[in-house]
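Report on one structure; see the data block that follows.
Only this structure's heavy atoms are used, side chains among them; waters, hydrogens and symmetry mates stay out.
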Amino acid sequence: MEWNGTEWNGMEWNQPECRGMEWNGMQWNGIIRNGMEWNGMQSNGINSIAMEWNGMERNRMETIRFEDLELDAKIMRAITDMGFEAASPIQGQAIPLELQGLDIIGQAQTGTGKTAAFGIPLLQKIEPKNKKPQAIILCPTRELAIQVSEEIRRLAKYMHGVKVLPIYGGQEIGRQIRSLKDGVQVIIGTPGRVMDHMRRKTVKMDQIHTVVLDEADEMLNMGFLEDMETILSALPEERQTLMFSATMPQAIQRIAANFQKDPQIVRVVKKELTVPKVTQYYYEVKPKNKLEVMCRLLDLYDPKLSVVFCNTKKQVDELVQGLQGRGYFAEGLHGDLKQEQRDRVMRAFRTGRTDILVATDVAARGIDVDDVEAVFNYDVPQDDEYYVHRIGRTGRAGREGKAFNLVVGKEVYKLREIQRYCKTRIIPQAIPSLDDVTSIKADKILDQVGEVLQDSDLSKVIDIVEKRVLEEDYTTLDLAAALLKMMMGEEGEELLEENRPLRELEDLEDESRRSRGGRNGRGSRGRNEDVARLFINIGKNQGIRPGDILGAIAGESGMPGRMVGSIDMFDNYTFVEVPREHADVVLQAMRGAKIKGKNVHMEKANRK
């Protein structure tokens, strides 16, 4: 297959027809396929197919629901259990092509739903009665391998007899061998550990029909190119090869040329979108405290109408139940509701009988209410454009609105991508303390009391109060305080995150760059107390490259490759820097490890 010449899989571009469509300059005669424009794009000589999503119109007009993809009933049941209704952009375009058996290059960022994009079609082809490996997924790190295996297991929940096994460095290999002997259909592994099993002949590749390279560019950055090529070369010629990558360097294109057959490139070309009238905030929280933080924000800002977004139907139902249990007027909206129920919920929201509408992205389409003062992203959206749709529900008709994002753990990096995409600023905020909320609540109630004092005849009520005070052993001040407490409701619970230091999203990148250090001796060697310097007993004379050492450390320890600092290679030994807090984990993981088949010994280096 020639990529850089005039041929693509033996077909010339200047022929009148190619794959049933006429080539006409830079467009396929303006044909709209699946609602997308297919434009020829030149990238290093490669004619790639890019999908233009037409900004927000693609999501609004042609959302693809999982039930429309003709999936196996058992997989569909698992997807329903997970609470998902509609496919994300990468899923909606990749899955139909993969179900046709085509090879795919998917350009997608982490957090866009790409695991399901390759996992669903992969499981669709698995034969449960065949206990041999039928699919293999390569991941750059142990952490990602475990994460992907958990997602695949959830999708295969009702496919009885289908076994999924992650294999990675740092885990006792004997246990993995026993699991493989018992029968496994789907293997998820790091390249180094997969190679170990291939050398031991404990993984049989003869019945593999699907291979996935997940985060392929990261595997290349970590020095796994040779391992990837060796593994791909050992697979059957007749197979489906799926490759997902955030970027498209030339090495990715070479792998595609050598190991894929006429791959279809699925790429989302996003237009810049901004929402200038909406002030956006984010709060770093723990999962168990999200409801408490949400309630504090509702009490503090007291929006007239609010829309709260969740990623799944299940989360919508749980959040509505939690809010109602705390006395809020909340209703849920998702795909399981009948039209009559949906109309009732929307009528209550428009008329103000319901203050808070909790919805999934799909169900919220078509909501057109001008008085929404705040949007809450209870879950960070899976796609950047979903974020724009969500916060566009407030700040309408020239009004100003607020958007609040509750962020858990690594979701903060996804939010950073959203900030870049929208060219906006999402402001870090401290979680409101109980004292803050109590003070605001009291002020609002007392303001209302002041209005009643001015506008109402209270003579009869004063007589009732005076009579009770004379009969009981308390003062009018005690009575007023008790009534105020009743109006304010139950106090919340103290949260440890209240004193968490705030982090600007744009500063996260700087932190990650600092943790990477340099790979050419430019790191802060000997000066940075946060870095540990490790000694390895192999070097240039053993045919080892820096990428081999980087890949081994990341693959065995599960630590992201970007956290490894400078790597200084000499003839027979090497020094490498890692964050001090990870040093012991790396040393433990590298015990008994091999790099390119050679036994290695690693220890902490003597201080200079």
Side-chain angles (χ1 to χ4, degrees), residues 55-57 59-60 271-285 290 293-311 316 319-320 323 328-333 345-407 411 414-432 436-437 440 444 502 504-505:
M56 299 197 299
E57 293 302 317
N59 277 328
R60 185 183 301 133
K271 294 183 178 179
E272 293 178 4
L273 296 171
T274 58
V275 186
K277 289 282 186 182
V278 180
T279 307
Q280 302 156 64
Y281 305 104
Y282 83 90
Y283 302 80
E284 293 192 68
V285 301
K290 284 174 86 173
V293 174
M294 169 95 187
C295 292
R296 290 190 187 185
L297 293 172
L298 286 168
D299 292 340
L300 192 64
Y301 289 95
D302 192 26
K304 180 179 178 184
L305 294 178
S306 307
V307 180
V308 184
F309 285 95
C310 300
N311 287 344
V316 168
L319 181 55
V320 168
L323 289 170
Y328 296 93
F329 294 100
E331 291 283 357
L333 198 65
V345 170
M346 285 306 303
R347 205 160 39 242
F349 186 60
R350 284 193 177 96
T351 57
R353 292 198 308 274
T354 296
D355 302 329
I356 305 164
L357 182 68
V358 185
T360 58
D361 291 287
V362 175
R365 292 201 171 92
I367 293 177
D368 190 14
V369 180
D370 287 338
D371 295 332
V372 174
E373 294 181 357
V375 165
F376 292 84
N377 287 320
Y378 195 78
D379 296 325
V380 175
Q382 294 177 305
D383 186 81
D384 300 350
E385 291 189 9
Y386 286 175
Y387 181 84
V388 177
H389 289 302
R390 290 181 178 189
I391 66 174
R393 302 297 163 193
T394 186
R396 292 186 162 199
R399 298 180 178 91
E400 293 188 3
K402 291 183 173 63
F404 303 94
N405 299 279
L406 304 186
V407 179
E411 289 177 348
K414 176 62 182 171
L415 200 65
R416 184 187 68 192
E417 290 176 17
I418 290 170
Q419 177 175 266
R420 287 176 180 164
Y421 168 55
C422 294
K423 295 189 182 300
T424 186
R425 182 171 179 235
I426 306 175
I427 305 164
Q429 290 283 93
I431 294 172
D436 293 336
V437 175
I440 291 290
K444 287 178 179 174
L502 302 183
E504 292 282 354
L505 290 175

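Across all their heavy atoms, R390 and V375 have their closest contact at O-CG2, 3.5 Å. Counting all heavy atoms, side chain and backbone alike, P432 lies closest to R296 at O-NH1, 2.6 Å. Shown here for G332 and V316, the closest heavy-atom pair between the two residues is CA-CG1, 3.9 Å. In terms of heavy atoms, I418 sits closest to P381 at CD1-CG, 4.1 Å. The two atoms that bring L298 and S306 nearest to each other are CD2-OG, 4.0 Å, heavy atoms only. The two atoms that bring E373 and K304 nearest to each other are OE1-N, 2.9 Å, heavy atoms only.
Ring-centre distance between F404 and Y301: below the 6.0 Å cut-off.
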| said: Please determine whether salt bridge (Lys or Arg N to Asp or Glu O under 4.0 Å) holds for the pair K290 and D379, giving the CA-CA distance in whole Å, both sets of side-chain angles, and the decisive distance to 0.1 Å. | reply: CA-CA 10 Å; K290 284 174 86 173; D379 296 325; 3.0 Å; yes
| request: Evaluate the side chain to side chain donor-acceptor pair (under 3.5 Å) criterion for residues D299 and Y328: first the C-alpha distance (whole Å), next the side-chain angles of each, then the deciding distance (0.1 Å), finally the verdict. | output: CA-CA 10 Å; D299 292 340; Y328 296 93; 2.9 Å; yes
| query | side chain to side chain contact (heavy atoms under 4.5 Å, CB included) between I356 and V308: does it pass, once the steps are laid out? | reply | CA-CA 7 Å; I356 305 164; V308 184; 3.6 Å; yes
| query | Between V278 and E400, does a side chain to side chain contact (heavy atoms under 4.5 Å, CB included) hold up when you go through it step by step? | reply | CA-CA 6 Å; V278 180; E400 293 188 3; over 6 Å; no
| query | Can you check side chain to side chain contact (heavy atoms under 4.5 Å, CB included) on V407 and Y283, steps first, answer last? | reply | CA-CA 6 Å; V407 179; Y283 302 80; over 6 Å; no
| side chain to side chain contact (heavy atoms under 4.5 Å, CB included) between L406 and M294: does it pass, once the steps are laid out? | CA-CA 8 Å; L406 304 186; M294 169 95 187; 4.2 Å; yes
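Looking only at side-chain heavy atoms (C-beta outward), V358 and L333 stay at 4.5 Å or farther from each other.
How far CD1 of I391 is from NZ of K402: 13.5 Å, rounded to the nearest 0.5 Å. Annotation: the span from R425 atom CZ to Y281 atom OH amounts to 10.0 Å, rounded to 0.5 Å. With values rounded to the nearest 0.5 angstrom, T354 atom OG1 is found 8.5 Å from F349 atom CZ. In this structure, CZ on F376 lies 10.5 Å from CG on N405, to the nearest 0.5 angstrom. Here CD of Q429 is found 9.0 Å from CG of L297. Values are rounded to the nearest 0.5 Å. One finds the CG atom of L357 at 8.0 Å from the CZ atom of F309 (value rounded to the nearest 0.5 Å).
Between the side chains of Q280 and Y387, a donor-acceptor pair is found at a separation under 3.5 Å.
Side-chain N or O atoms of N311 include one that pairs as donor or acceptor with a backbone N or O of V380 at under 3.5 Å. Judged purely by atom type and a 3.5 angstrom limit, T394 uses its side chain to pair as donor or acceptor with the backbone of V372. Looking at Q419, its side chain does come within 3.5 Å of a backbone N or O of I426 through a donor-acceptor pair. In this structure, D355 contributes its side chain and F329 its backbone to no donor-acceptor pair below 3.5 Å.
We find that R420 and E417 are not joined by a salt bridge, their nearest charged nitrogen and carboxylate oxygen being 4.0 Å or further apart.
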